[in-house]
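Presented below is the structure to which this report refers.
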Amino acid sequence: MAADRRIVIENCSIATVDADDTEYANGHVVVAGNRIESLGAGRAPEGLENVDRRIDATGHLVTPGLVNTHHHFYQWITRGLATDHNLFNWLVALYPTWARIDEPMVRAAAEGSLAMMARGGVTTAMDHHYVYPEGSGDLDGAIIGAARDMGVRFTLARGSMDRSQKDGGLPPDFAVETLEGALAATEETVKRYHDASFDAMTQVAVAPCSPFSVSTELLRQGAELARSLGVRLHTHGSETVEEEKFCHELFGMGPTDYFESTGWLGEDVWMAHCVHMNDSDIAAFARTKTGVAHCPSSNARLAAGIARVPDMLAAGVPVGLGVDGTASNESGELHTELRNALLINRLGAHREAALNARQALRLGTSGGAQVLGRAGEIGSLEPGKLADLVLWKLDTLAHASIADPVTALVLGAAAPVTASFVNGRQIVENGRLLHVDEDGIARSTREQAQRLARITAQG
């Protein structure tokens, strides 16, 4: 939409998720081009010019779009497998299948993952892709192409693995790259796709997979590469007690100290999970402003444990929410994580004081934007920020008797998305995606899942 064309949204509740948690019981939002021009209580100002559309949002809550900070799209075509395993056994069970993916499979899986998130209120997605079998095609291009077609804002965390079973790692030997190959391919992806502009739709991060699938040299050189290119760094950290044991046995220190020794703490870094963090670990993350992608559903599915999110937030650690791969979170959408972050953390030491509904919404919006390094652009509804916003319908049977709209959104059933906008462009209307064929995506994901199963069975 041209910069001088406007969309006016009125008669809605608004949760801005700004620094002051400003909310309006009945307010308006004006979008001009791809930016939020103004918002506030009551009706929009009279006399606005070039208004292309007026939306009566009675019965709706408007929030910033949800921001997903950790995912593995390719896992969409291996959902429902190894459902009673812990992380290490789950990885051992599934790596032989994942090592056989190719470009058509990855494209279909990316479309399925993105579609499920987008129709559920996600406006900024990310994918940590780290499986690159030899001869599998242009996997990065397939993933980024799917995001562009869907219309979501996107970060590709270009992953890598160079520690296979012969080196004491978990992936099969044929599923990893060489150190030199991984670094060269990552650099090529950054230079080809990363956009550093304010309203960028595609960004790239450097993302070696994890301590038990990556050599120390790949971590160290990966950090150096990311900083030389001016992009962010992402990996898995402190996910399980097995990882803690692995790091002590192999490196003589815990995961956080190991990451710090390789240059992997800093305000340009975010890590997934961070379940098993002691006070010293949390202090190190707070001191360096290293971010965390909290994935409560996956942590529960794989019996990893309860991350100390209230303690992280109290210490000043940036925390966002992640879906994680859909082979460990079969629902594949982020709204579930708002609710589960609140509920699961209340099972921990802080009990009912752990998190409240507004803190959960903040994790899924402005917290995620901070973790991705885009807090100045997205994550809250403020004049000048990018027009990434969602209209949640809260006047139906599922929510109408809950007086507080934020509580209804977080603790209630998954709220219908009447409209979702990214960069000022609508991508969802009445729960349906506007720019892709949902039914066609469902067919292609099923076909590619069956194809992968056949190839794996044939060995």
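Side-chain atoms are counted along with the backbone in the values below, which use heavy atoms only and exclude waters and symmetry mates. Given the structure is predicted, the values throughout are model-derived calculations rather than measurements.
Note that OG1 of T288 and CZ of F259 are 12.0 Å apart. Values are rounded to the nearest 0.5 Å. Atom CG of residue D127 and atom CZ of residue R158 lie 11.5 Å apart, to the nearest 0.5 angstrom. Note that the CD1 atom of I441 and the CE atom of M150 stand 4.5 Å from one another [nearest 0.5 Å].
Between T22 and V17, every side-chain heavy-atom pair lies at or beyond the 4.5 Å cut-off. Side-chain contact between P211 and Y258 is present, with at least one heavy-atom pair separated by less than 4.5 Å. Within the 4.5 Å cutoff, the side chain of M201 has no heavy atoms near those of the Q203 side chain.
For F73 and H128, the gap between ring centers reaches or exceeds 6.0 Å. A distance below 6.0 Å separates the ring centres of H273 and H70. The six-membered or imidazole ring of W98 lies away from that of W76, with a centre-to-centre distance of 6.0 Å or more. A centroid separation of 6.0 Å or more is found between the aromatic rings of F88 and H85.
D195 is linked by a salt bridge (charged side-chain N to carboxylate O under 4.0 Å, His left out) to nothing, counting only residues two or more places apart in sequence or in another chain.
Salt bridge annotation for R35-E377: absent, with no cationic side-chain nitrogen under 4.0 angstrom from a carboxylate oxygen. Taking 4.0 Å as the cut-off between side-chain N and carboxylate O, R301 and E330 count as a salt-bridged pair. Classification of E382 and K385 as a salt-bridged pair holds, one side-chain N sitting under 4.0 Å from a carboxylate O. The pair E103-R107 does not count as a salt bridge, with every side-chain nitrogen at least 4.0 angstrom from each carboxylate oxygen. One finds no salt bridge joining R362 and D18 here, because no Lys/Arg side-chain nitrogen approaches an Asp/Glu carboxylate oxygen to under 4.0 Å. Between R358 and D21, none of the side-chain N atoms (NZ, or NE/NH1/NH2) sits under 4.0 Å from a carboxylate O, so this pair counts as no salt bridge. Salt-bridge check for D281 with R308: failed, with every basic side-chain N at 4.0 Å or more from each acidic carboxylate O.
Under the side-chain contact (heavy atoms from CB on, under 4.5 Å) rule, R153 has a single partner from N423, V67, T123, which is N423.
Between W392 and H335, the two ring planes are tilted [angle within 30° to 60°]. Taking the six-membered ring for Trp and thresholds of 30 and 60 degrees, H234 and H236 have ring planes inclined between 30 and 60 degrees apart.
Counting only distance, with no hydrogens or angles, the side chain of E438 and the backbone of L433 share a donor-acceptor pair below 3.5 Å. Although no hydrogens or angles enter the test, the distance criterion places a donor-acceptor pair under 3.5 Å between the side chain of R374 and the main chain of F198.
Side-chain contact, S331 with N329: a donor N or O sits under 3.5 Å from an acceptor N or O.
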Item to complete: Begin with the C-alpha distance, continue with both residues' side-chain angles, and end with the deciding distance and a verdict on side chain to side chain contact (heavy atoms under 4.5 Å, CB included) for T418 and E429.
Response: CA-CA 5 Å; T418 294; E429 184 169 11; over 6 Å; no
Practice prompt. Apply salt bridge (Lys or Arg N to Asp or Glu O under 4.0 Å) to the pair D102 and R451, showing each step before the final yes or no.
Written response: CA-CA 11 Å; D102 60 18; R451 177 170 162 257; 2.4 Å; yes
